[in-house]
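One structure below.
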Amino acid sequence: MSSYDRIYAIVRQIPYGQVATYGQVAELADLAGRARLVGYALFRVSPLQDDVPWHRVINAKGEISESPFRNGGDYLQRSLLESEGVQFSPTGKISLSHYRWQPD
DNA sequence: TGCTTGACTTTAC
DNA sequence: AGTAAAGCCAAGC
């Protein structure tokens, strides 16, 4: 049981049509302050964990952080979110105050 | 074994 | 408002 497994568990709990920031996921996964690990963990393992909705995890700015080395799917993440009904601002930002996942 | 890099966050100017 | 620096942990070389 590594810390990463907790991250996947949290991400898997993000409901449809909602998003969460790296920092939030980190905190829920008992990894407060280690937001970087969340992003890194997803980058390393998400392709292997097809049951993890990694596209619902974004940065604190409400923007999508994509890596130039991602599988060519540059705007894939955005497309997936739009498919779930998430509205993007003209600048490509998401209204966190409205779509942010707020667990009880 | 040790340094560099990276899907980040927060505070400060 | 945009930019800068520090804190964090793991993987790659």
Side-chain angles (χ1 to χ4, degrees):
Chain A
M1 184 67 172
S2 58
S3 304
Y4 286 171
D5 294 320
R6 269 209 211 79
I7 295 174
Y8 311 137
I10 298 298
V11 176
R12 223 172 330 202
Q13 287 169 41
I14 301 177
Y16 181 96
Q18 294 197 299
V19 299
T21 63
Y22 292 97
Q24 183 177 6
V25 173
E27 192 168 347
L28 292 172
D30 281 322
L31 296 172
R34 274 132 285 204
R36 228 174 192 189
L37 276 301
V38 177
Y40 204 50
L42 290 176
F43 170 71
R44 303 294 287 174
V45 190
S46 84
L48 311 178
Q49 308 285 326
D50 54 334
D51 53 303
V52 177
W54 54 271
H55 55 272
R56 292 183 190 146
V57 184
I58 57 179
N59 59 19
K61 299 189 282 288
E63 257 284 356
I64 294 179
S65 300
E66 35 185 288
S67 176
F69 289 98
R70 262 306 256 156
N71 65 63
D74 325 13
Y75 38 103
L76 170 64
Q77 181 166 13
R78 171 161 175 172
S79 299
L80 288 169
L81 290 175
E82 288 181 322
S83 290
E84 301 191 352
V86 177
Q87 300 275 322
F88 281 75
S89 298
T91 51
K93 293 208 284 193
I94 301 174
S95 303
L96 283 175
S97 43
H98 190 241
Y99 293 107
R100 193 172 189 241
W101 175 39
Q102 295 174 12
D104 302 306

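So that the names make sense, note that chain A is the first sequence line, chain B the second, and so on, each numbered from 1.
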- Item | Candidates B:dA7, B:dT10, C:dC8 - which lies nearest the side chain of A:Gln77 | B:dA7

- Task: To the nearest Å, give me how far apart OH (A:Tyr4) and P (B:dA7) are.
- Result: 13 Å

- A:Phe88 side, atom CZ; A:Tyr99 side, atom OH - distance, nearest 0.5 Å: 9.5 Å

- Between A:Arg100 and A:Gln24, a side-chain donor and acceptor under 3.5 Å: yes

- Task: Let me know the distance between OH of A:Tyr8 and P of B:dA7, rounded to the nearest Å.
- Result: 16 Å

- Message: How about CD on A:Glu27, more than 12 heavy atoms from neighbouring residues, nucleotides or ligands closer than 6.0 Å, or not?
- Response: no

- Query: Between A:Tyr40 and A:Ala35, who's closer to the 5' end of DNA chain B by nearest nucleotide?
  - Reply: A:Tyr40

- Message: Side-chain N or O of A:Arg44 versus OP1/OP2 of C:dG12: is the shortest distance under 4.0 Å?
- Response: yes

- In whole angstroms, how far is the P atom of C:dC9 from the CD1 atom of A:Ile7? 13 Å

- Query: Any side-chain N or O of A:Ser65 under 4.0 Å from OP1/OP2 of B:dC8?
  - Reply: yes

- Can you check the A:Arg56 CZ to B:dA7 C1' distance for me, whole Å? 17 Å

- Note on the structure: Taken to the nearest whole Å, CZ/A:Arg6 to C1'/C:dC9 is 15 Å

- Query: If you round to the nearest 0.5 Å, how far is CD of A:Glu63 from CG of A:Leu96?
  - Reply: 10.0 Å

- Whole Å only: how far is the CG atom of A:Asp5 from the C1' atom of C:dA10? 14 Å

- Message: With rounding to the nearest 0.5 angstrom, report the CZ to OH distance, A:Arg56 to A:Tyr16.
- Response: 7.5 Å

- Item | Under 3.5 Å on both distances, the Watson-Crick or G-U partner of C:dG2 | B:dC13

- Query: What integer distance in Å separates A:Leu31:CG from C:dA10:P?
  - Reply: 9 Å

- In numerical order, the residues of residues 91-104 of chain A whose heavy atoms come under 4.0 Å of DNA chain C are none

- Out of B:dT9, C:dG7, C:dA10, which has the shortest distance to the side chain of A:Arg36? C:dG7

- Item | A:Asp30 CG to C:dC8 C1', straight-line distance once rounded to whole Å | 16 Å

- Query: Which nucleotide sits closest to the side chain of A:Tyr22: C:dC9, B:dA7, C:dA11?
  - Reply: B:dA7

- So how far is it from A:Ser79 OG to A:Glu84 CD, rounded to the nearest 0.5 Å? 11.5 Å

- Item | Rounded distance (nearest 0.5 Å) linking atom NE2 of A:His55 with atom CD1 of A:Ile58 | 11.5 Å

